[in-house]
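Along the sequence shown, the residues carry numbers beginning at 1.
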Amino acid sequence: MRQLRLLTAAAFAFMLFALVAHTPVRRTPHPATHGGRASLDVQLHMASHGDSIEHRAAATVGRDHNRVTTLRHDIVPASVPPSEPTLPSAPTRGTLVRAKQLPPAVRPSAPPPPGWGTFILIPRLPADDSPACIDGSPFGFHYRLSASGSTKWTFTLPGGGWCHDEQSCAEWTSHSLGSSKSWGKEGTGQGKGTAWGESPQGHRCEELDQNCVYLKYCDGGAFGGARPGTVNLAVAGQGNVSLYFRGLHNFDAVVAWALQNGLNRATEAVLTGISAGGVATLVHVDRLAARVPVGCKVRALAIDGFFIARPNRHGAPSPFSADMARMMDMMHITGGLGGALPEACIKDHPAAPHKCLLPAVLQQYIATPFFLMQTKFDQWQLANVVGLGWSNCIISNHRPECNTSETAEQQPLVRQFGRDLLADLAPVVSSALARGNGGFVSSCICHYRCPYGNLSLPRGGPSGSALFAAWLRGDPDTAGRFVIDNSLAPNGDGALLALPKSGLAPLYAQPCTPADTHT
């Protein structure tokens, strides 16, 4: 009888285990895909001074247009975060082993002094997934951990453009955007400025008691390449050169390191980047979100990264799209489990997968809420996409030749580009509330050093950086909010007050001034 009872208990335990093992996991749908269909209205609120339009996508149910339901995307943090998180679509085991071989992070007993703190170089190993710069030299990153044990993290991806073919990438190996040989032991051979201006407390990340990580940029492909082996070629003046395209492995290695040094207990993680780093931010934010603990709030801030594909000033196809296509093929920037881009996007654009690097296309495949800081008269795109070049008034509207006939020809091209960028941005704006996104779009002619921390729209309202901070905190009435300067001409039709250049190079620091009305 005792044996029968034991057999019965064992059979019951086995049946219970089988039932639990085969119970499907119920996942919360993305707010934009909730079963209840809601009509989406886009309300345009004119700002009091008439120099900006504030867009809010209001979800209204049935005929009750007075009731606005804000669809929130915040996730309640888990009460007990896992100490060893599982990593969906995780980097290969080799990457994780390398992260463990790096020196463990040291948490300071007091807030560290200004600066980016500790610099780490990741030794390149023979494996094809080993992090590396284009020339094969070690990839590196800076970090500063919170002294109080904060569970908030910020990852910054800098810009620097792209190299789009073997020859241009070989040229990159001679400077700090393609090689770490000139960085030095402290990593000071390349700029380390924080990409975004104000945090929720009105300071930069490194000025706060939280965890900050700054990834160096040396892969030439916006942290997207994952090509096995090397590309070998002979270069005049350099001899035989081997090129490594490991940008995706660079990103994965840093995330793996962070998981072993506190990110596995994070309650908030912000991925931010500027220019090419802004594109990388949109590409990788879901990848980061898949690796942090369940319940961690993940958000993205992309600055000056909304690049568009438009014909050049002569009506011919811009080389920008062709350059992106060549870069993707050369660096093996792919989709799916082992790639950087969403697999669904690659499948939807089989004949032109490079479109998945364009934010206007990529945005519909991003599940994590993001905030855009952008100017509709982007200086780099006016020069390189439209083809106005850097030798004219796009650099400085105070040059004598800004009153020539060439400038008169540029004016309609510049204004048309602003309209084109807003057209590509329209789907992002209209779906912002349902997806929890937000944005701030100025009319300054600038790129990389735009004055988002000082510029307010409308005048007297919050700056772009302050609006992002409120959005990140989840302040009421910030979800789905886009503030857009609707000036027809650059720099608020010339009405914006002059802003100091702060000693920045004119190439990226052209301020919004009343004199900047010619272009």
Side-chain angles (χ1 to χ4, degrees), residues 91-95 97-99 101-102 119-141 157-192 215-254 275-277 279-280 283 319-335 338-341 353-354 357 384:
T92 62
R93 183 174 57 184
T95 301
V97 170
R98 277 191 296 278
Q101 292 174 341
L102 295 178
F119 176 62
I120 291 181
L121 280 174
I122 303 177
R124 179 175 61 83
L125 300 180
D128 283 336
D129 65 343
S130 177
C133 296
I134 298 175
D135 69 340
S137 58
F139 163 74
F141 64 97
L157 305 178
W162 301 269
C163 60
H164 56 270
D165 57 23
E166 289 84 352
Q167 186 63 42
S168 63
C169 291
E171 294 173 0
W172 277 46
T173 63
S174 63
H175 56 72
S176 63
L177 288 174
S179 173
S180 63
K181 294 177 181 178
S182 64
W183 291 355
K185 294 182 179 180
E186 301 299 323
T188 56
Q190 188 187 93
K192 305 189 301 298
L215 286 72
K216 304 286 272 189
Y217 184 39
C218 65
D219 66 274
F223 297 92
R227 179 167 184 154
T230 60
V231 174
N232 304 307
L233 70 159
V235 179
Q238 293 180 261
N240 295 325
V241 176
S242 295
L243 306 178
Y244 296 76
F245 299 118
R246 308 287 180 82
L248 182 60
H249 303 314
N250 295 350
F251 179 85
D252 282 344
V254 173
S275 190
V279 176
V283 168
F320 179 69
S321 294
D323 289 347
M324 293 296 101
R326 283 195 298 270
M327 181 184 73
M328 282 188 63
D329 183 63
M330 175 184 64
M331 297 186 182
H332 288 200
I333 300 177
T334 60
L341 297 170
H354 68 277
L357 278 174
N384 294 278

> Name all residues meeting the ring pair (Phe, Tyr, Trp, His ring centres under 6.0 Å) criterion together with Phe245; count only those two or more places apart in sequence or in a different chain, and write none if there are none.
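Applying ring pair (Phe, Tyr, Trp, His ring centres under 6.0 Å) to Phe245 gives none.
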> Would you indicate whether the side-chain heavy atoms of Cys133 and Ser180 approach each other to under 4.5 Å?
yes
> If we only count heavy atoms from C-beta on, is the Ser242 to Asn232 side-chain gap below 4.5 Å?
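With C-beta onward as the side chain, the pair touches.
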> Ignoring hydrogens and angles, tell me if any N or O in the side chain of Tyr244 forms a donor-acceptor pair with the backbone of Ser137 under 3.5 Å.
no
> Could you report the tightest heavy-atom contact between Cys169 and Leu243, atom names first, then the distance?
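Looking at all heavy atoms of both residues, the shortest contact is CB-CD1, 4.0 Å.
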> With the side chain counted from C-beta on, respond yes when Cys163 and Met331 share a heavy-atom pair under 4.5 Å apart, and no when they do not.
yes
> Is the shortest side-chain heavy-atom distance between Phe141 and Ile122 below 4.5 Å?
yes
> Could you report the tightest heavy-atom contact between Ala170 and Val235, atom names first, then the distance?
CB-CG2, 3.6 Å
> Please give me the minimum heavy-atom distance between Arg124 and Ala132, naming the atom from each residue.
CD-CB, 3.6 Å
> Looking at every heavy atom in both Leu177 and Trp172, which two are closest together, and how far apart are they?
O-CE3, 3.3 Å
> What residues form a salt bridge (Lys or Arg N to Asp or Glu O under 4.0 Å) with Arg227, not counting sequence neighbours?
none
> What residues form a side chain to side chain donor-acceptor pair (under 3.5 Å) with Asn240, not counting sequence neighbours?
none
> If you look only at pairs with a residue in residues 158-182, which of them pass as a salt bridge (charged side-chain N to carboxylate O under 4.0 Å, His left out), with sequence neighbours excluded?
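Listed by first then second residue: Asp135-Lys181.
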> If you measure from NE2 on His332 to CG on Leu248, what distance do you get to the nearest 0.5 Å?
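One finds 13.0 Å between NE2 of His332 and CG of Leu248.
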> Kindly write out the residues that satisfy ring pair (Phe, Tyr, Trp, His ring centres under 6.0 Å) with Phe139, not counting sequence neighbours, or none if the list is empty.
none
> Which pairs, with at least one residue in residues 319-328 and sequence neighbours excluded, count as a salt bridge (charged side-chain N to carboxylate O under 4.0 Å, His left out)?
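Every pair satisfying salt bridge (charged side-chain N to carboxylate O under 4.0 Å, His left out) with a residue in residues 319-328: Asp323-Arg326.
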> Could you pull out the closest heavy-atom pair between Gly338 and Ala226, with the gap in Å?
O-CB, 4.4 Å
> Check Trp183 against Ser176 and note the closest heavy-atom contact, atom names and distance.
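Answer, listing the atom of Trp183 first, then Ser176: NE1-O, 3.2 Å.
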> What's the separation between atom CZ in Arg246 and atom OG in Ser130, rounded to the nearest 0.5 Å?
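Answer rounded to 0.5 Å: 6.0 Å.
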> State, yes or no, whether a side-chain contact exists between His175 and Ser182 at a heavy-atom distance under 4.5 Å.
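His175 vs Ser182: side chains apart.
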